[in-house]
Student: 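Please find one structure pasted underneath; my questions will follow.
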Amino acid sequence: MEVRTRFAPSPTGYMHLGNLRSALYTYLFAKANGGKFILRIEDTDQSRYVPGAVDVIYRTLKSIGMQWDEGPDIGGDYGPYVQSERKNMYLPYAEQLVKAGKAYYCFCTEEELAERREQAAARGETFKYDKHCLHLSQEEIQRRLDAGEPYVIRQNVPEHGEASFDDVLYGHIAVDCSDLDDMILIKADGMPTYNFANVIDDHTMGITHVMRGNEYLSSTPKYNLLYDAFGWEKPTYIHMTPIMRDATHKLSKRDGDAYFEDYINKGYLKEAIVNYVALLGWNPGDEREFFTMDELIKAFSVDGMSKSPAIFDVNKLTWMNAEYVRRLTPEQFTEYALPYYKKAGVGAEHADLLARILQQRTETFAQIPDMLDFIPQLPDYDVELFTNKKSKTNPEIAKHVLEIAIAALDALPAWEEQPIHDALLGLAEKEGMKNGTMLWPVRIALAGKQVTPGGAIEIAILLGREESMRRLKVGLEKLA
RNA sequence: GGUCCCGUGGUCAAGUGGUUAAGACACCGCCCUUUCACGGCGGCUACAGGAGUUCGAAUCUCCUCGGGAUCACCA
């Protein structure tokens, strides 16, 4: 039988990393088994409607290479794929259950329920619906229905016995039916509850493997009761762990860094995010850490999925992103970096050089403006910077170095890397000093900061002859 | 609170009765070096606790503790 999995997000306008990972595993599982990956939009809660939110889902999934085989935009044999367009499918199924005695009409109002719930709480008990309306006579039910009284349809959970299901990861999970509540299937407005809609949708769409968040672990036995009531074949269940912010909290929107978009905006590469997230809660069984989408499909297996939640470590994501950045071609690097050069006020005329010095030290592209901040304007720096033990420099030595460096550079016919390099290093040799002793003061004078991407020579090129000479002289003045 | 799930270093994790308990990130040190970074080498740190079963337990069982989920006419 062909494997069919589904990703069923609510359109909120953002792609939560936890959802992204669930979608990814769901996709990988389908593809690893030669199956189909279906996209279903769960938009029944119109109060949460966000314009354009569905497009965010489409765009994000597509951009990371997760193409669905059936979905709202491309159709398929099991449509419609938007839940709000399926809304009149559910009631008949519920009525079928009522006829079979597996569900029943309930006329208890929300107010009554709330009151009984309060009373139960006062006694320190957990409220459970008492099947009051199950015992209504056929005549009374019909009379109240005819009278147009509002009603819901509830699942009739057996009073005794066991409800259970088998999860690929968690194994056999069983609960006593007496612990289960008669959950509402159809609401007073005629719409299905999420739980019911899910069962119906998954079955009618031929979903063979239901992969979803861990939070459904405790309600799944009830779902299986429904499958049994219908006489349907149950899907295989695979419940997935959440991504955590720390040991006790899920990654949530309140943290401001729970969304895929957050990281894109911070200058992370989408491939790195996907790669990292894939490894949070799954491992390939070998030492590999870097995967393209195709490689993930080949390597993916449920065996590698973790049963315990994983804490999101931005440190490791950043490391992985840096690895991806280094693997870019210089041209690709420049393409990504360009907006950040602009932000820094740095032109792209030395793009090759910039890529050469920046690529090895860029963890996220958002770091670039800070790294280049000294280029548009010389920072106001302290002479203390000319002192460096390892390079064996101090203000006195620096003064001498700058004097001879200015003379030597001034005499250069061309402002190019090789001549500058030869001039400066030649000078160091002639003076009998370490290269560092020669180059430290020059770099400090050129950049006005202690840490720079690239060395004195690269910076001289980036600044150009005129600005470089000016800055060297400013440095000399500071030392006078 | 009831029910269910989870528990190997700071983090991700390998491990399925016999291992010096992998590896990666982070951290620390050294080397390289034109600062930083990259790169190379090395180091630190873990089986939640307790009973059992067994010749032998991170691995099996039970209890305790810790954490999470769920108990809606929300999805």
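Lettering follows sequence order; numbering is per chain, from 1.
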Student: Which part of the nucleic acid, if any, lies within contact of A:Leu279, taking any heavy atom under 4.0 Å across all strands shown: a base, the sugar-phosphate backbone alone, or nothing?
Tutor: sugar-phosphate

Student: Measure from NE2 on A:His172 to P on B:C5 and round the result to the nearest Å.
Tutor: 10 Å

Student: Is A:Lys187 near enough to B:C74 that one of its side-chain N or O atoms lies under 4.0 angstrom from OP1 or OP2?
Tutor: yes

Student: Please work out if A:Glu111 contacts a base, only the sugar-phosphate, or nothing of the nucleic acid, heavy-atom cut-off 4.0 Å.
Tutor: nothing

Student: May I have the distance from A:Phe165 (atom CZ) to B:A69 (atom C1'), rounded to whole angstrom?
Tutor: 12 Å

Student: Both A:Glu363 and A:Tyr170 contact RNA chain B. Taking the nearest nucleotide for each, which residue is further toward the 5' end?
Tutor: A:Tyr170

Student: Nearest to the A:Glu323 side chain among B:U34, B:G39, B:C38, which nucleotide is it?
Tutor: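 Shortest atom-to-atom distance from the side chain points to B:G39.
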
Student: Let's see if you can work this out: which of B:U34, B:C6, B:A72 has an atom nearest to the side-chain heavy atoms of A:Ile457?
Tutor: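 Nearest to the side-chain atoms of A:Ile457, counting from C-beta on, is B:U34.
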
Student: Please report the distance, rounded to the nearest Å, between CG in A:Leu317 and C1' in B:A26.
Tutor: 14 Å

Student: Report the residue from A:Phe165, A:Tyr223, A:Tyr216 that forms a ring-ring contact (aromatic ring centres under 6.0 Å, His included) with A:Tyr237.
Tutor: A:Phe165

Student: Which nucleotide in the list B:C38, B:A75, B:U34 gets nearest to the side chain of A:Leu439?
Tutor: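 Closest nucleotide to the A:Leu439 side chain: B:U34.
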
Student: Assess whether a salt bridge exists between A:Asp201 and A:Arg6, defined as any Lys/Arg side-chain N lying under 4.0 Å from an Asp/Glu carboxylate O.
Tutor: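 A:Arg6 and A:Asp201: not salt-bridged.
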
Student: Figure out the CE/P separation between A:Met305 and B:U16, and round it to whole Å.
Tutor: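 Distance check: A:Met305 CE to B:U16 P gives 21 Å.
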
Student: Select base, sugar-phosphate, or nothing to describe what A:Val175 touches, counting heavy atoms under 4.0 Å on all strands.
Tutor: sugar-phosphate

Student: How would you label the contact of A:Ala310 with the nucleic acid (heavy atoms, under 4.0 Å): base, sugar-phosphate, or nothing?
Tutor: sugar-phosphate

Student: A:Ala322 near the nucleic acid: base, sugar-phosphate alone, or nothing, with a heavy-atom cut-off under 4.0 Å?
Tutor: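 Result for A:Ala322 = nothing.
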
Student: Under 4.0 Å between any heavy atoms, over every strand shown, what does A:Tyr216 touch: base, sugar-phosphate, or nothing? Just pick one.
Tutor: base

Student: Using both distances under 3.5 Å as the test, list the Watson-Crick or G-U wobble partner of B:C36, or none.
Tutor: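 The base-pairing partner of B:C36, which may sit in any strand shown, does not exist here.
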
Student: Give me the distance, rounded to whole Å, that separates B:U61 from B:U54 when you measure between the P atoms they each carry.
Tutor: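 Looking at atom P only, B:U61 and B:U54 are 16 Å apart.
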
Student: Distance check, P atoms only: B:G10 and B:C73, in whole angstrom units.
Tutor: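 Approximately 43 Å lies between the P atom of B:G10 and that of B:C73.
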
Student: Spell out yes or no: do the side chain of A:Thr248 and the base of B:G68 have one donor N/O and one acceptor N/O closer than 3.5 Å?
Tutor: no

Student: Suppose we define a pair by two distances each less than 3.5 Å, Watson-Crick or G-U wobble; what does B:G2 pair with here?
Tutor: B:U70

Student: Under 4.0 angstrom, heavy atoms only, what part of the nucleic acid is A:Glu289 near: base, sugar-phosphate, or nothing?
Tutor: sugar-phosphate

Student: Is it the case that more than 12 heavy atoms not belonging to A:His172 sit under 6.0 Å from its NE2 atom?
Tutor: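 Yes, because the 6.0 Å sphere around NE2 of A:His172 holds more than 12 heavy atoms from other groups.
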
Student: If we call it a pair only when both distances are under 3.5 Å in a Watson-Crick or G-U wobble match, what pairs with B:C65?
Tutor: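 Its partner is B:G7 (Watson-Crick or G-U wobble, both distances under 3.5 Å).
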
Student: Just to verify, which of A:Lys434, A:Gln450, A:Lys390, A:Lys392 counts as forming a side-chain contact (heavy atoms from CB on, under 4.5 Å) with A:Trp440?
Tutor: A:Gln450

Student: Have a look at A:Glu215 and say if it touches a base, only the backbone sugar-phosphate, or nothing, with a 4.0 Å heavy-atom cut-off.
Tutor: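 Sugar-phosphate, backbone atoms only, no base.
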
Student: Measure up the A:Tyr263 and A:Tyr268 rings against each other and bin them: parallel (under 30°), tilted (30 to 60°), perpendicular (over 60°).
Tutor: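 Perpendicular.
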
Student: May I ask you to say what A:Thr126 touches in the nucleic acid, namely base, sugar-phosphate or nothing, with a heavy-atom cut-off under 4.0 Å?
Tutor: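 Result for A:Thr126 = base.
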
Student: Where the side chain of A:Ile311 is defined as all heavy atoms beyond and including C-beta, which of B:U11, B:C38, B:C73 is the nearest nucleotide?
Tutor: B:U11

Student: Heavy atoms only, 4.0 Å cut-off, all strands: where does A:Lys390 land among base, sugar-phosphate and nothing?
Tutor: base

Student: Distance between the P atoms of B:G52 and B:A58, in whole angstroms?
Tutor: 15 Å

Student: Flag this pair as yes if the NZ/CZ of A:Lys478 is under 6.0 angstrom from the six-membered ring centre of A:Tyr381 and inside a 45 degree cone about the axis; otherwise no.
Tutor: yes

Student: Answer yes or no: does a side-chain N or O of A:Asn315 lie under 4.0 Å from OP1 or OP2 of B:U11?
Tutor: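 For B:U11, neither OP1 nor OP2 has a side-chain N or O of A:Asn315 closer than 4.0 Å.
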
Student: Start at the 5' end of RNA chain B and walk down; is the nucleotide closest to A:Arg326 or to A:Ala456 reached first?
Tutor: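 Between the two, 5'-proximity favours A:Ala456.
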
Student: Given that both distances must come in under 3.5 Å, which nucleotide forms a Watson-Crick or G-U wobble pair with B:G52?
Tutor: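 Base-paired to B:C60.
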
Student: Taking OP1 and OP2 of B:A69, is either one under 4.0 Å from a side-chain nitrogen or oxygen of A:Lys307?
Tutor: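 Negative; the distance criterion is not met.
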
Student: Does A:Lys316 get its side chain close enough to the base of B:A24, under 3.5 Å, for a donor-acceptor pair?
Tutor: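 Yes, the side chain and the base share a sub-3.5 Å donor-acceptor pair.
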
Student: When you compare B:G67 with B:A48, how far apart are their C1' atoms, in angstrom units rounded to a whole number?
Tutor: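 Pairwise C1' distance, B:G67 against B:A48, rounds to 11 Å.
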
Student: Distance between the P atoms of B:A21 and B:G43, in whole angstroms?
Tutor: 16 Å

Student: Side-chain donor or acceptor of A:Arg443 under 3.5 Å from a matching atom on the base of B:U34?
Tutor: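 Such a pair does not exist between side chain and base.
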
Student: Do the rings of A:Phe365 and A:Phe333 sit parallel, tilted or perpendicular, given the 30° and 60° boundaries?
Tutor: tilted

Student: Looking at every strand, decide which applies to A:Cys106 at a 4.0 Å heavy-atom threshold: base, sugar-phosphate, or nothing.
Tutor: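 Result for A:Cys106 = nothing.
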
Student: Is A:Ala188 touching bases, backbone alone, or none of the nucleic acid, heavy atoms closer than 4.0 Å?
Tutor: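 Here A:Ala188 touches the bases of the nucleic acid.
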
Student: Whom does B:C47 pair with, Watson-Crick or G-U wobble, provided both distances fall under 3.5 Å?
Tutor: none

Student: Which word best sums up how the rings of A:His203 and A:Tyr227 line up, parallel for under 30°, tilted for 30 to 60°, or perpendicular for over 60°?
Tutor: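 Because their plane-to-plane angle is over 60°, the rings of A:His203 and A:Tyr227 count as perpendicular.
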
Student: Looking across every strand, which nucleic acid part, if any, lies under 4.0 Å from A:Gly213 by heavy atom: base, sugar-phosphate, or nothing?
Tutor: nothing

Student: Roughly how many Å is it from CD in A:Gln450 to P in B:A37, rounded to a whole number?
Tutor: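 Taking CD of A:Gln450 and P of B:A37, I get 11 Å after rounding.
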
Student: For B:A13, what is the paired nucleotide under Watson-Crick or G-U wobble rules, both distances under 3.5 Å?
Tutor: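 Partner of B:A13: none found under 3.5 Å.
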
Student: Is A:Asn435 close enough to B:U34 that one of its side-chain N or O atoms is under 4.0 Å from OP1 or OP2 there?
Tutor: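 The answer is yes; a side-chain N or O of A:Asn435 sits under 4.0 Å from OP1 or OP2.
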
Student: Using the C1' atom in both, what is the distance from B:A69 to B:A13, to the nearest Å?
Tutor: 23 Å

Student: Could A:Arg40 and A:Asp202 be called an ion pair, given the rule that one side-chain N must be under 4.0 Å from one carboxylate O?
Tutor: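 Answer for the salt bridge query: yes.
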
Student: Roughly how many Å is it from OH in A:Tyr324 to C1' in B:A24, rounded to a whole number?
Tutor: 14 Å

Student: Please determine if A:Lys399 and A:Glu396 form a salt bridge, counting it only when a charged side-chain N lies under 4.0 Å from a carboxylate O.
Tutor: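 Judged by the 4.0 Å cut-off on N to carboxylate O distance, A:Lys399 and A:Glu396 do not form a salt bridge.
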
Student: Establish, with yes or no, whether the OP1 or OP2 oxygen of B:A37 is under 4.0 angstrom from a side-chain nitrogen or oxygen of A:Arg356.
Tutor: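 Answer is no, no contact under 4.0 Å.
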
Student: Which nucleotide, B:G23, B:A26, B:A13, lies nearest any side-chain atom of A:Glu287?
Tutor: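 Of B:G23, B:A26, B:A13, B:G23 is nearest to the side chain of A:Glu287.
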
Student: Does B:A22 have a Watson-Crick or wobble mate here (both distances under 3.5 Å), and if so which one?
Tutor: none

Student: So if I take every side-chain heavy atom of A:Leu113 and compare against B:C73, B:C36, B:C25, which nucleotide ends up nearest?
Tutor: B:C73

Student: Rounded to whole angstroms, how far apart are CG on A:Asp313 and C1' on B:G23?
Tutor: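 In whole Å, B:G23 C1' lies 16 Å from A:Asp313 CG.
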
Student: Rounded to the nearest Å, what distance is computed from the CG atom of residue A:Asn283 to the C1' atom of nucleotide B:U11?
Tutor: 15 Å

